[in-house]
K.L.:
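I have a structure here, written as structure tokens, and I will follow up with some questions on it.
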Amino acid sequence: MDRIRVFQIVVFLVAAVIIARLFYWQFVAKLTSNIDEFELNSEIPASRGEIYTKDNFPIVTNQEAFLLYAKPAEINRSPKDIAKSIGSHLISEKYSTPGASLTDADLKTKEEEIKEKEEELESKLGNKSLLWVQLARKIPKETKEKIEEQKIKGFGFERDEKRLYPEASMAAQVLGFVGFDKFGRDTGYFGLEGFWDLTLKGKPGSLGGEKDPLGLPILVGAYKRIEPKKGGELYLSIDRSIQYIVEKSLTKAVDKYGAKDGSVIIEDPKTGQILAMATYPTYNPALRQEFEEKVYKNPVVADTFEPGSIFKPIVMASALDLGFVEPQTQCTYCDGPKKIANYDISTWNKKYFPNSTMTEVIQHSDNVGMTFVSEKLGVDKFLAYITKFGFGKVSGIDLQEEASGVLKQKAEWRDIDLATASFGQGIAVTPIQIVQAISAIANEGKLISPRVTLKIKDENGEKLLRPKEEKQIISPKTATQITEMMVNAVEKGEAKVFAPKGYRIAGKTGTAQIPVAGRYDPDKTIASFVGFAPANNPRFVMMVRFTEPSSSPFGAETAAPTFFEIAKEIFNIWGIPPEK
Amino acid sequence: MLANDYKNTKVKNNSSNLVGQVRLKIVVIFGSIIMVLFASQLVFANNLAAEGERLSQIESEIQLLEAQNTTLKAEIAQNSSLVTLSAKAQAYGFVKPKIITP
């Protein structure tokens, strides 16, 4: 009995000691500073959604990348030595791109960048008061492996994704790019990346719980994992082959005509789908820091300009639709310049055609004839129709930074403003608005707002996107009439020598003066051409625009030949035979 | 009288014993259930604690496979890009035909 009693007392004492020790560690010693080591609280980043072209090619995808960090307190080598050994791996990727041909100036810049990077690294690594410091983000796997080979104590890597552009600079201004916000999180800027940023970024997950000293999760504890939701994937209407051809032709043309820049947009008028959209000069989103920021913007949606004569079919269509003119209506004062207030409205080449029909007014691009049409319309009807055609407001295309253009308030319109607006001067529009309006003409008078994204796919399934707006703005009869006028303009107008034989193409040239400090520059122009083909059953609408072409200021000699060259390629790709 | 008293006392004792026995059985049963549950929880917690390592291994494998998948997708995309294909076509001597009849 005594031995049992003794045993009982011993067991009781041992238990009491253990409980007392546990009490001490939990409440007296207060291990708050070490508790974090045993907690597992981390965000699981979500993968950003990819972007696909019409043929399901991933024009924007993700690649494995890493964040490099250091714990300066654990580093046991000289920060200067470490900086020298890894600095060259952490500079701009353009210097390490295979096949990159570096000029002497590039090599000099490279040396300067390496030196700057080494100084930055030395400063961060030498600061022993820092527990943790980020050294570089989005470094590719190859660079990570090179740094790992150096076996630097105190260095570590975290997984990070990076955007990859398999087609390099193709459709750069349409796609946009991914940068950082002020918190260092991936954020889309410009184009689709900017517009669809919330959809593309997904939702990060989280991992909460406890871990043992080896870092393994203790599942008995409050282990909770919330899976990240991958960002939605965008499926575009962009046709990769046509985009490729457009970009090649545009680059060649901007160079050939000595233009400051150029843009081409191609849309399917029946659906509002954008098949191609290109601007030159462009940039490579993967190396965007090497380019000036002004090229990030997409001028097709963000730039306003005075359209000039490519606006004439829209004004003419408005007057036809109201019955104020017919194709054979004759202009009563087209035999010379027209005086309005203190201004003389004259033709672009000072040639006048008395009793011109409306068809001939478009053919000759006659400013006096268009003044005649605008007088028939009046300000109210003019504004009502160009608003119906989508001017003065955004088209709603799914690209960031779309501008609405500039339309004066009704009360501010004078007679001279109405006259000049009829031939596309004194109003500011965007190229996408022009394409939208001409597409309505090509689509039997039905306007469909343009879009680039056809559908979004995420874990909940597929979501087909509809155009923002679909409405009949002119009658099909009016659309047919203005189409014939535009076909006539191509076949008999200034650009007829460049038009491909056998095809009926509806189009209009434009040579718009550029306003500078309250007046028009006498030498600089915006040369453009807008049209659609085949005229009887339009498969595409295209607009070509050059800013300040130096070889010739006229749209008929620069934008029109580029239009026809691209149109011929499209006819070949789509197997569209000649009609006659 | 005595016999009756004796009988009553005996009956009373018998019934107290019965109640006591039932109570004892209930305590024993509940106690056993609690011990079994406690023991099960210990066994379960012990097994689960060891699963943490296995889970970590599986998660690492998944991460590795996902990374490999991402890399392969990127390689396929780059090799099938029009930029790459047109450069290769040129290198192999392919030229654009001068006449195309749609």
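Values in this document were obtained by computation on a predicted structure and should not be read as measured data. Just the heavy atoms: all of them, side chains too, but no hydrogens, waters or symmetry mates, feed the values below. A note on names: the letters A, B, ... follow the listed sequences, proteins ahead of strands, and every chain is numbered from 1.
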K.L.:
Which bit of B:Thr71 comes within less than 4.5 Å of chain A, counting heavy atoms only: side chain, backbone, both or neither?
P.N.:
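For B:Thr71, the side chain is the part near chain A, not the backbone.
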K.L.:
Heavy-atom pairs under 4.5 Å with chain B are the metric here; pick the option from A:Pro166, A:Ala168, A:Ser47 that has the most.
P.N.:
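Winner by heavy-atom pair count: A:Pro166.
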K.L.:
Can you name the residues of residues 81-96 of chain B that have some heavy atom under 4.5 Å away from a heavy atom in chain A?
P.N.:
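Counting heavy atoms that sit under 4.5 Å from chain A, the residues of residues 81-96 of chain B involved are B:Ser81, B:Leu82, B:Val83, B:Ser86, B:Lys96.
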K.L.:
For atom NZ of A:Lys229, is the number of surrounding heavy atoms from other residues, nucleotides or ligands below 6.0 Å larger than 12?
P.N.:
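No.
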K.L.:
Can you tell me if A:Lys248 has over 12 outside heavy atoms packed within less than 6.0 Å of its NZ?
P.N.:
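No, NZ of A:Lys248 has 12 or fewer neighbouring heavy atoms, counting only those of other groups under 6.0 Å.
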K.L.:
So for A:Glu569, is it side chain, backbone, both, or neither that comes closer than 4.5 Å to the heavy atoms of chain B?
P.N.:
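It is the side chain, since no backbone atom gets that close.
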K.L.:
Does anything in residues 55-66 of chain A form a salt bridge (Lys or Arg N to Asp or Glu O under 4.0 Å)? List the pairs, not counting sequence neighbours.
P.N.:
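Listed by first then second residue: A:Asp55-A:Arg240, A:Glu64-A:Arg159.
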K.L.:
Among A:Asn62, A:Leu164, A:Ile573, which residue forms the greatest number of heavy-atom pairs with chain B at distances under 4.5 Å?
P.N.:
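Between A:Asn62, A:Leu164, A:Ile573, the count favours A:Leu164.
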K.L.:
Measuring heavy-atom distances to chain A, does B:Gln63 have an atom under 4.5 Å in its side chain, in its backbone, in both, or in neither?
P.N.:
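For B:Gln63, the contact with chain A is made by backbone and side chain together.
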K.L.:
Please indicate whether A:Phe57 has more than 12 foreign heavy atoms, meaning atoms of other residues, nucleotides or ligands, lying under 6.0 Å from its CZ.
P.N.:
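Correct, the count exceeds 12.
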